[in-house]
Protein chains: 2
Amino acid sequence: MEIPGVVIARLPLYAQALEALAQKGEEVVSSQRLGEALGITPAQIRKDLSYFGRFGKQGRGYNVAGLLGSIRQILGLDRQWRMALVGVGRLGRAILSYEGFAPQGFHIVHAFDVDPEVVGRKFESLVVRHVRELEETLAQEPVDIGVVAVPPEAAQEVIDRLVRAGVRAILNYAPMTPRVPPGVQVRRIDPVVLLETMTYYLKGQEGVRFLQGRDPLFLR
Amino acid sequence: MEIPGVVIARLPLYAQALEALAQKGEEVVSSQRLGEALGITPAQIRKDLSYFGRFGKQGRGYNVAGLLGSIRQILGLDRQWRMALVGVGRLGRAILSYEGFAPQGFHIVHAFDVDPEVVGRKFESLVVRHVRELEETLAQEPVDIGVVAVPPEAAQEVIDRLVRAGVRAILNYAPMTPRVPPGVQVRRIDPVVLLETMTYYLKGQEGVRFLQGRDPLFLR
DNA sequence: GGGGATTTGTGCTATTTATAACATTTTTTG
DNA sequence: CAAAAAATGTTATAAATAGCACAAATCCCC
């Protein structure tokens, strides 16, 4: 059975919310309450989970730790994942120093760049190698995921090389859409694209602030 | 007529691809070619654009610069947008120094934090203010968008304050799902969540690398 | 320990989203 | 200049996604 991608995309959100609940010491949660925390209907959550099994107890709900464990296993988070970063400019260095990866089992084990100013230098105890050594390095010490933080003009070539080196998942910080063979996963991190989807809704609401909180009669 | 959110979400991708084409000196593009660049069917693109008008010419395609201009106008990118950053830790500083915002008309004009080590310091020619001055500052010099880069435990309160201060769009870098009143736009930037949607597909393919390129008979 | 209150998992229905197909227009070619 | 090729905009169709509603199970209270 092929599980819809939208369902998979929601699982990490469930996991994130469950972690917060566990932190707060909650032992049980209903689809109702989980849905309220995430802005998702309870039916949606139950349906999503039913693709993978039966995790709840009628009349009670879901055991927080238990469901979290199950979702983590479904997502493959019960192991560590190795990543290679390409592009160690400002953005790349910020990615290298991001503390959020390791606690979830994601580790950057290689860093590549072409800039002679950067190659050979050490960031976060990782020596930057020249991109020309990419294939060789990954043959010796493979990774599961490639993280791309190079200028958009260079991104396609970098991604091609990662894929040829056996990488089957790309986290793409470059503001472009790469072409990859089927079976290779790509996810985009592009704050500007997200901002642009919000401005559409902001546009033409300039008057709202002014009107806000006024006597409703003023509107007529 | 209410335009589907998925359609709005694709417009920035069209704009991005059109910018690349314009850069390359292309003057005209068909839905076919644009779709190939983005991994989207030509029918999808034509349908999306038809929500907003008729931009193409039968037998020819779309004028690259013209369509780009139209999409930018639809998205409200024909003006500048002011943003306030809350949280000037490692991540916040990386956001402050990100060069990708300004060229698209997005400008961080305020930065807030609570850490006395950071408040008062200058980053990218912006003096960090204490969060307690948030409401007052935004009353004096309003912004359109709030950018949140605080720890997840603090994010809900920060977002509440931004919303109360009149901000109607939030770019959320904190790994949590905030509750906001209707009409407030929220977009999430969470690399870990994206990584976790990929590991699902990677999981259980450990053998693929080994099998790749081998005699197909080996698979039986 | 019985009855009302909860809450799951799921079949069914509605809604949303994507694709296909085609008439129409424009361009290009011989 | 006529015919073939190319490409749009749109209507119709198909596929995917979400929500409803309810039987069944469990819990909790008196």
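Chain letters run A, B, ... following the sequence lines, proteins first, then strands; residues in each count from 1.
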Side chains of [X] and [Y], donor plus acceptor under 3.5 Å:
X	Y	answer
Asp48(B)	Tyr14(B)	yes
Gln185(A)	Arg187(A)	yes
Gln32(B)	Arg46(B)	no

request  = Only counting residues at least two apart or in another chain, list the ones meeting ring pair (Phe, Tyr, Trp, His ring centres under 6.0 Å) with Tyr98(A).
outcome  = Phe101(A)
Can you list everything that forms a side chain to side chain donor-acceptor pair (under 3.5 Å) with [X]? Sequence neighbours excluded, please.
X	answer
Glu141(B)	none
Arg161(A)	Glu135(A)
Gln23(B)	none
Asp160(A)	Gln156(A)

note = Between CZ of Arg54(A) and P of dT8(C) the distance, given in whole Å, is 12 Å
Without placing hydrogens or testing angles, list every side-chain donor-acceptor pair under 3.5 Å for residues 51-69 of chain B, not counting sequence neighbours.
| unit_1 | atom_1 | unit_2 | atom_2 | d |
| --- | --- | --- | --- | --- |
| Asn63(B) | OD1 | Ala65(B) | N | 3.2 |
| Asn63(B) | OD1 | Gly66(B) | N | 2.7 |

task = Start with the C-alpha gap between Thr177(B) and Arg188(B), add the side-chain angles, then the distance that decides, and say whether side-chain hydrogen bond (donor to acceptor under 3.5 Å, both in side chains) holds.
result = CA-CA 8 Å; Thr177(B) 304; Arg188(B) 168 197 303 260; 2.5 Å; yes
With the criterion being N/O to N/O and under 3.5 Å, what pairs connect the protein with nucleotides 15-19 of chain C, and how long is each?
| unit_1 | atom_1 | unit_2 | atom_2 | d |
| --- | --- | --- | --- | --- |
| dA18(C) | OP1 | Arg10(B) | NH1 | 3.2 |
| dA18(C) | OP2 | Arg10(B) | NH1 | 3.2 |
| dA18(C) | OP2 | Arg10(B) | NH2 | 2.9 |
| dA18(C) | O5' | Gln44(B) | OE1 | 3.4 |
| dT19(C) | OP2 | Thr41(B) | OG1 | 3.1 |

query = Among residues 61-72 of chain B, which contact DNA chain C at a heavy-atom distance under 4.0 Å?
reply = none
Looking only at non-hydrogen atoms, find the nearest pair between [X] and [Y] and report the distance.
X	Y	result
Val150(B)	Ala154(B)	CG2-C, 3.8 Å
Ala84(A)	Leu138(A)	CB-CD2, 4.3 Å
Lys203(B)	Leu75(A)	CD-C, 4.4 Å

query = Within a radius of less than 6.0 Å around CD of Glu26(B), do more than 12 heavy atoms belonging to other residues, nucleotides or ligands occur?
reply = yes
Every protein N/O within reach of nucleotides 26-30 of chain C N/O, cut-off under 3.5 Å:
| unit_1 | atom_1 | unit_2 | atom_2 | d |
| --- | --- | --- | --- | --- |
| dT26(C) | O4' | Gln58(B) | O | 3.1 |

message = Counting only heavy atoms and a strict 4.0 angstrom limit, can you tell me which residues of residues 15-38 of chain A come near DNA chain D?
response = none
note = Counted 5' to 3', the first and last nucleotides of DNA chain D within 4.0 Å (strictly under) of a heavy-atom of chain A are dT17(D) to dC27(D)
inquiry  = Mind checking if Arg46(B) touches a base, just sugar-phosphate, or nothing, with heavy atoms under 4.0 Å?
reply    = base
message = I need the full list of salt bridge (charged side-chain N to carboxylate O under 4.0 Å, His left out) pairs touching residues 89-99 of chain B, with sequence neighbours left out, sorted by first then second residue.
response = Arg90(A)-Glu99(B), Glu99(A)-Arg90(B)
